[in-house]
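Worth saying up front: this structure is predicted, and the values here are computed from it rather than measured. Atom set for the values below is all heavy atoms of this structure, side chains included, hydrogens, waters and symmetry mates excluded.
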Amino acid sequence: MSEKPTNFIRTKIADQIKQGQLTEVVTRFPPEPNGYLHVGHAKSICLNFGLAEEFGGRCHLRFDDTNPEKESQEYIDAIQADVSWLGFDWSALYHTADYFQQLFDWALHLIRNGDAYVDEQSAEAMRANRGTLTEPGVDSPYRDRSPEENEALFLKMRDGELLVGAAVLRAKISMSAPNLNLRDPALYRIRHLSHPRTGDQWCIYPTYDYAHGQSDAIEGITHSLCTLEFEDHRPLYEWLLKKLPVPHRPKQTEFSRLELEGTVTSKRKLNALVEGGYVSGWDDPRMPTIAGMRRRGYSPEGIRFFCERIGVTRKLNTIELQILESSIRDDLERRAHKAMAVLNPLKVVVTNWDQVSLGLDVPWHPKRPELGSRTMLFGRELSIDRSDFELNPPEGFFRLSPGGSVRLKYGFIVDFEDVVLDAQGLVSEVHVRYDPETRSGRDQSGRKVKGTIHWVHAASAREVDVRLYDRLFTVPDPGNYEDLASVMNSESLINGQALVEPALGTLMPDAYFQFERVGFFKQDSESSDDRIIYNRSVTLKHAWAKKK
RNA sequence: UGGGGUGUGGCCAAGUGGUUAAGGCAGCGGGUUUUGAUCCCGCCAUUCGUAGGUUCGAAUCCUACCACCCCAGCCA
């Protein structure tokens, strides 16, 4: 993992510091608690927290909780867990809801200055009067009320004397602005709903446009980073900051959102997958949510490495899944304990083994001795993977086949002797002879074999469940399909069993594993003492499989 | 067709007037290897959306054109 790649935001900040325009960097990550965080949020988290960290500033975690209709405590808790799991500490926890009083007072300020008015048009009328992309809108009949009348009405809104939808507070900018966001945008709406944080204290709630910039100002945010679709909102963001006596002037900078090949990252669609029962929940290992990736066995470092690799620009981009997977592998390669597991067992009898089982001391990681070792047994009856034996091997096959030899990793070289077929003619057993001179670590024979395969000792192996995951969709751009059901991959989850060496048969919820020659695995959170479940996080790269 | 953006190899992405256009992923070739993994080495854009122009010199400046993305929630 090399040094951090640069990007335009970083460059700009470094520049501002160099020119003395900036003494501290304060960013914020402002999720709305209306769903779980996904890989796109991870990009934003890494950017915001990463920048603050790099320039010795701070990054606030702020819940942008302005709309109680869709927000809940479940999401608030999950978001904190996810950010923290990714490895970031927020200097303090903030809530837009904590600024509701200040925001309200500032709304009064706008009203008194003639910069906002209460509109009693229906939502439909407002829409009709907004105009179109090419035609200007029409002024509301309520647009020229006096400040006094507006204030009285706004207080009635606050005091619950008006019904939902009966009125809205609007900024008084221009109904003919070419930027639609400037055509008298709504600032406050009536919602007789209780809020996870403020309870029933308010029945009017500020919109994102009104709340966001002012919250940034209150917190002293220097760089308010958001995605490109908010670019058209920047003039409004700045208009409000200019009209209000705010203590600070934050600057908004936009970057392009992450698009990941083969995944959807809209909360609405992710929610539809959960609600429709297509996945087991927000943390289903196939979900691109942080919770899903965590459960699948991706490491925080791997995800952060990914976010670093993909960069930050203003261009449309679709990241290939391989970049994510290779980032995860890169981290897991050094982090994981390496062990033996056989997914499709084939019985192997070592016919010339006539002693008790032999204990082998096997390191957890050949390149990281500090991880220690464990004992594996070698004996007369073993299991190997069915795919490691071929009766009629294709050209270039160098595992076990009739007349051939192979090394059982960390054990001995074995030579093919015989094969037992069942009634259907399928291989049910392979008989081999082991070469006593070839014990790993003390091989005196000088023999070289082409293939080395993994195995487990039949009597001491334990059976575990294994869940093999594949992409959730059959198309690279599921986001373009309204009917997600039609592009779901029916084989995105394959349930199976595996025989694992004894050391893998106990509950180890935090450990990362590589099943040698198979892939990276992590125990699923549903595992229990008597039923261990391993999730395949990601496969190993497999040149042989590709060539076939 | 209004406004705002973006165009550098298959996918990302540095580069902001001056040697043969960084790097990563993918791919290809080779070496090491008791994981066909890892690791290591090499190859992989005479060209930067297109066409003109300015300049001794342009991906970088100018002009025109083309393509794509975002905006008409009392969502964020």
K.L.:
Check this one for me: any side-chain N or O of A/T66 less than 4.0 Å away from OP1 or OP2 of B/A76?
P.N.:
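For A/T66, the contact criterion (side-chain N or O under 4.0 Å from OP1 or OP2 of B/A76) is met.
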K.L.:
Can you tell me if A/D385 and A/S387 form a side-chain donor-acceptor pair at under 3.5 Å?
P.N.:
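There is such a pair between these side chains.
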K.L.:
Would you tell me if any nitrogen or oxygen in the side chain of A/K315 comes within less than 4.0 Å of OP1 or OP2 on B/A13?
P.N.:
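The answer is yes; a side-chain N or O of A/K315 sits under 4.0 Å from OP1 or OP2.
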K.L.:
Name the orientation of the base relative to the sugar in B/G73: syn if the glycosidic angle is within 90° of 0, else anti.
P.N.:
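B/G73: syn.
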K.L.:
Is there a donor and acceptor pair closer than 3.5 Å between the side chain of A/H454 and the base of B/A37?
P.N.:
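Answer is no: no donor-acceptor pair is held.
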K.L.:
Between B/G2 atom P and A/E135 atom CD, what is the distance in whole Å?
P.N.:
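Rounded to whole Å, this separation is 12 Å.
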K.L.:
Would you kindly give the CZ-to-P distance between A/R257 and B/A76, to the nearest whole Å?
P.N.:
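Taking atom P of B/A76 as the reference, CZ of A/R257 is at 15 Å.
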K.L.:
Check whether the side chain of A/R517 and the base of B/U35 form a donor-acceptor pair under 3.5 Å.
P.N.:
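No pair found.
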K.L.:
Judged by each residue's nearest nucleotide on RNA chain B, which is more toward the 5′ side, A/Q322 or A/V312?
P.N.:
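With A/V312 and A/Q322 compared, the 5'-side residue is A/V312.
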K.L.:
Using atom NZ of A/K409 as one end and atom C1' of B/U33 as the other, report the distance to the nearest whole Å.
P.N.:
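Interatomic distance, NZ of A/K409 to C1' of B/U33: 9 Å.
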K.L.:
Please give the distance between the C1' atoms of B/A64 and B/C25 as a whole number of Å.
P.N.:
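Rounded to whole Å, the distance is 37 Å.
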K.L.:
In whole angstrom, give the distance that lies between atom OH of A/Y237 and atom P of B/A76.
P.N.:
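About 15 Å, once rounded to whole Å.
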K.L.:
So, A/E516 and A/H454: side-chain donor and acceptor under 3.5 Å apart, yes or no?
P.N.:
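No, because no side-chain N or O of A/E516 sits under 3.5 Å from a partner of the opposite role on A/H454.
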K.L.:
Taking the side chain of A/T313 as heavy atoms from C-beta outward, which of B/A13, B/A76, B/A37 is closest to it?
P.N.:
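The closest nucleotide is B/A13.
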K.L.:
Please give the nucleotide sitting opposite B/G7 as a Watson-Crick or G-U wobble pair, both distances under 3.5 Å, or none.
P.N.:
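Answer to the pairing question: B/C66, which forms a Watson-Crick or G-U pair with B/G7.
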K.L.:
Is there a donor-acceptor contact under 3.5 Å linking the side chains of A/T452 and A/R517?
P.N.:
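Their side chains do not contain a donor-acceptor pair, so the 3.5 Å distance test is not met.
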K.L.:
Is the phosphate of B/C74, meaning OP1 or OP2, less than 4.0 Å from a side-chain N or O of A/R130?
P.N.:
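Answer is yes, contact under 4.0 Å.
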K.L.:
Mind checking if A/K267 touches a base, just sugar-phosphate, or nothing, with heavy atoms under 4.0 Å?
P.N.:
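No contact at all - A/K267 keeps every heavy atom at 4.0 Å or more from the nucleic acid.
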K.L.:
Would you say CD of A/E370 has more than 12 non-hydrogen atoms from neighbouring residues, nucleotides or ligands within 6.0 angstrom?
P.N.:
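Counting other residues, nucleotides and ligands, CD of A/E370 exceeds 12 neighbours.
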K.L.:
Ignoring hydrogens and angles, are the base of B/G3 and the side chain of A/D232 linked by a donor-acceptor pair under 3.5 Å?
P.N.:
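Flag set: donor-acceptor pair detected.
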K.L.:
Considering heavy-atom distances to RNA chain B, does A/E231 or A/D119 have its closest nucleotide positioned more toward the 5' end?
P.N.:
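The residue mapped nearer the 5' terminus is A/E231.
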K.L.:
Taking atom P of B/C74 as reference, at what distance in whole Å does atom CZ of A/R183 sit?
P.N.:
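Between P of B/C74 and CZ of A/R183: 13 Å.
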K.L.:
Using distance alone, with no hydrogens and no angle criterion, decide if A/Q121 and A/N129 have a side-chain donor and acceptor under 3.5 Å apart.
P.N.:
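Present: a donor and an acceptor within the cut-off.
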K.L.:
Indicate, with a heavy-atom threshold strictly under 4.0 Å, whether A/A123 touches base, sugar-phosphate, or nothing.
P.N.:
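The answer is base, as A/A123 lies within the cut-off (heavy atoms under 4.0 Å) of a base atom.
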K.L.:
Using OP1 and OP2 only, check whether a side-chain N or O of A/R191 sits under 4.0 Å from B/C75.
P.N.:
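The answer is yes; a side-chain N or O of A/R191 sits under 4.0 Å from OP1 or OP2.
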K.L.:
B/U32 P sits how many Å from A/K448 NZ, rounded?
P.N.:
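A/K448 atom NZ is separated from B/U32 atom P by 11 Å.
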K.L.:
Once you round it to whole Å, what is the distance between P of B/U35 and CZ of A/R368?
P.N.:
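Interatomic distance, CZ of A/R368 to P of B/U35: 18 Å.
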K.L.:
Within the pair A/R399 and B/G36, is there a side-chain N or O less than 4.0 Å away from OP1 or OP2?
P.N.:
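So the side-chain polar atoms of A/R399 never come under 4.0 Å of the phosphate oxygens OP1 or OP2 of B/G36.
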K.L.:
Could you check whether A/T132 gets within reach of a base, just the sugar-phosphate, or nothing at all, counting any heavy atom under 4.0 Å?
P.N.:
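Base contact - A/T132 has a heavy atom under 4.0 Å of at least one base atom.
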K.L.:
Write down the distance between OH (A/Y205) and P (B/A76), rounded to a whole number of angstrom.
P.N.:
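One finds 13 Å between P of B/A76 and OH of A/Y205, rounded.
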K.L.:
Determine the contact category for A/I323: base if any of its heavy atoms lies under 4.0 Å from a base atom, sugar-phosphate if only primed atoms, P, OP1 or OP2 are that close, otherwise nothing.
P.N.:
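Base, at least one base atom sits under 4.0 Å.
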K.L.:
Would A/E74 and A/S72 count as having a side-chain donor-acceptor pair, cut-off 3.5 Å?
P.N.:
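No - no donor-acceptor pair under 3.5 Å links their side chains.
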K.L.:
With hydrogens left out and only the distance checked, is there a donor-acceptor pair under 3.5 Å joining A/E254's side chain and the base of B/G5?
P.N.:
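Not at all, since no donor on one side and acceptor on the other fall under 3.5 Å apart.
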K.L.:
Taking a pair as Watson-Crick or G-U wobble with both distances under 3.5 Å, which nucleotide is matched to B/C56?
P.N.:
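B/G18 is the nucleotide pairing with B/C56.
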K.L.:
Strictly below 4.0 Å, N to O, side chains only: are A/D98 and A/R197 in salt-bridge contact?
P.N.:
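A salt bridge is present here (some side-chain N lies under 4.0 Å from a carboxylate O).
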K.L.:
Report the nucleotide, chosen from B/C74, B/G3, B/U34, that has the shortest atom-to-atom distance to any side-chain atom of A/T452.
P.N.:
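The closest nucleotide is B/U34.
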K.L.:
Please determine, for the side chain of A/E320, which listed nucleotide (B/C74, B/G10, B/G3) has the closest atom?
P.N.:
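In terms of side-chain proximity for A/E320, the closest of B/C74, B/G10, B/G3 is B/G10.
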K.L.:
It should be established whether A/R439 places a side-chain nitrogen or oxygen under 4.0 Å from OP1 or OP2 of nucleotide B/U34.
P.N.:
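Checking B/U34 against A/R439, no side-chain N or O comes under 4.0 Å of OP1 or OP2.
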K.L.:
A/K541 side chain N/O closer than 4.0 Å to the phosphate oxygens (OP1, OP2) of B/U35?
P.N.:
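For A/K541, the contact criterion (side-chain N or O under 4.0 Å from OP1 or OP2 of B/U35) is not met.
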K.L.:
What nucleic acid atoms does A/E71 come within less than 4.0 Å of, heavy atoms only: base, sugar-phosphate, or nothing?
P.N.:
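No contact.
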K.L.:
Strictly by Watson-Crick or wobble contacts shorter than 3.5 Å, is anything paired with B/G2, and which nucleotide is it?
P.N.:
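B/C71 - that is the nucleotide pairing with B/G2, both distances being under 3.5 Å.
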